[in-house]
Amino acid sequence: MHLLIPAAGSGRRMGSERNKLLLPLLGQPVLAWTLQAAKQAESIEWIGIIGQPCDWQNFKAIVAQLGLEDTVQFIQGGATRQESVYCGLKGLPTTADRVLIHDGARCLATPDLFDHCAEALRDCLGLIAAIPVKDTIKVVDAPTQLITATPDRSNLWAAQTPQGFVVQDLLQCHEQGIRQGWEVTDDAALFEQCGLPVKIVLGEETNLKVTTPVDLAIAEFILKQRSMLP
Ligand code: CTP
Ligand code: MG
C-alpha cells in the first residue's frame, strides 16, 4: 500500500516558530513517531512525505535515522492541506492503485490501524478512520452566538486519518474541487461532495492530532503509558 503523509503545514495553532512536526515529543520529533508507526505497519511499502523545502533537511535526517531512505519519497506541498494532498497524489508512482493518507500530526496512530485501513480499502472506493463523538455537539450561529441545532449524537463521528481511496477517483474529486472552489479539511469531504461512498473504519481514541500545546502534553502521557506496557 502507498501512504502519503501531509507534513507541509506551519503549526500556527501550536504557536511555535517552526513546523510543529519537528517539535520534540519524548526525545523524538513528532514526525518520527508517525513514521515509526508507518514503518511497523506490514501493509505499507511506499511512503510519500509532503513537505515544504525549508523542512527537507530536518525531514531527511529523521528518515535516515529510521532507516527509511529506500521507502520514502519527498514531495513539495502547497498552501493548504487540500493543495498539499493534491501535490502528493500527483507525486505517486503510476503503479499506485489505492492510497492511504495520514496526517503527520497524528503521531499516535498504531501500526494496526494502518493495516486495518489497508485491508478494508481492498473492498471499497473510500474510507476513513473515525470514532463516535463523546461530546454533545451544538451548531452555533456565529454573529449571535446562539445555538441553532443539536444534532443527534448517535449519528456523529469524529473524522481521523488514515483516510484511504482509489487514487484515480480521489484525483478526479480534487480536480472537481479546484474547478468548483470547494475548500475542505479532509479528503473524504471531496469524495462525499462528488457523490462517492466513504466507509468508516473504527479509529482509535488515542489517535489525536497534535494541534495545540496541550495535545503535545497528552501525547507524551500516552506514549509514556505505552512504554510501560509489558
Ligand atoms: N498540512 C500540509 N500542508 C498544509 C497545511 C497542513 O501538508 N499547507 C498538514 C500538516 O502538516 C498536518 C496535517 O496537514 O500534518 C493536518 O493539518 P493541521 O493539523 O492543521 O497542521 P498545520 O496546518 O500545520 O497547523 P495549523 O492549522 O495550526 O497551522
Ligand atoms: Mg492547518
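One-based numbering, in listed order, for ligands and for the atoms of each.
- In the model, Ser154 has a side-chain atom that pairs as donor or acceptor with a side-chain atom of Asp152 under 3.5 Å.
- Residues satisfying the salt bridge (Lys or Arg N to Asp or Glu O under 4.0 Å) criterion with Glu204, sequence neighbours excluded, are absent altogether.
- Heavy-atom minimum distance, Leu22 versus Ile62: CD2-CD1, 3.8 Å.
- Residues Asn19 and Gln52 have side chains that never bring a donor and an acceptor to within less than 3.5 angstrom of each other.
- Side chains of Asn207 and Gln160: a donor-acceptor N/O pair is present below 3.5 angstrom, by distance only.
- Checked for salt-bridge contact, Arg106 and Asp215 miss the test: no charged N lies under 4.0 Å from a carboxylate O.
- The protein residues lying under 4.0 angstrom from ligand 1, judged by non-hydrogen atoms, are Pro6, Ala7, Ala8, Gly9, Ser10, Gly11, Arg12, Arg13, Lys20, Leu21, Gly78, Ala79, Thr80, Arg81, Ser84, Asp103, Gly104, Ala105, Lys209.
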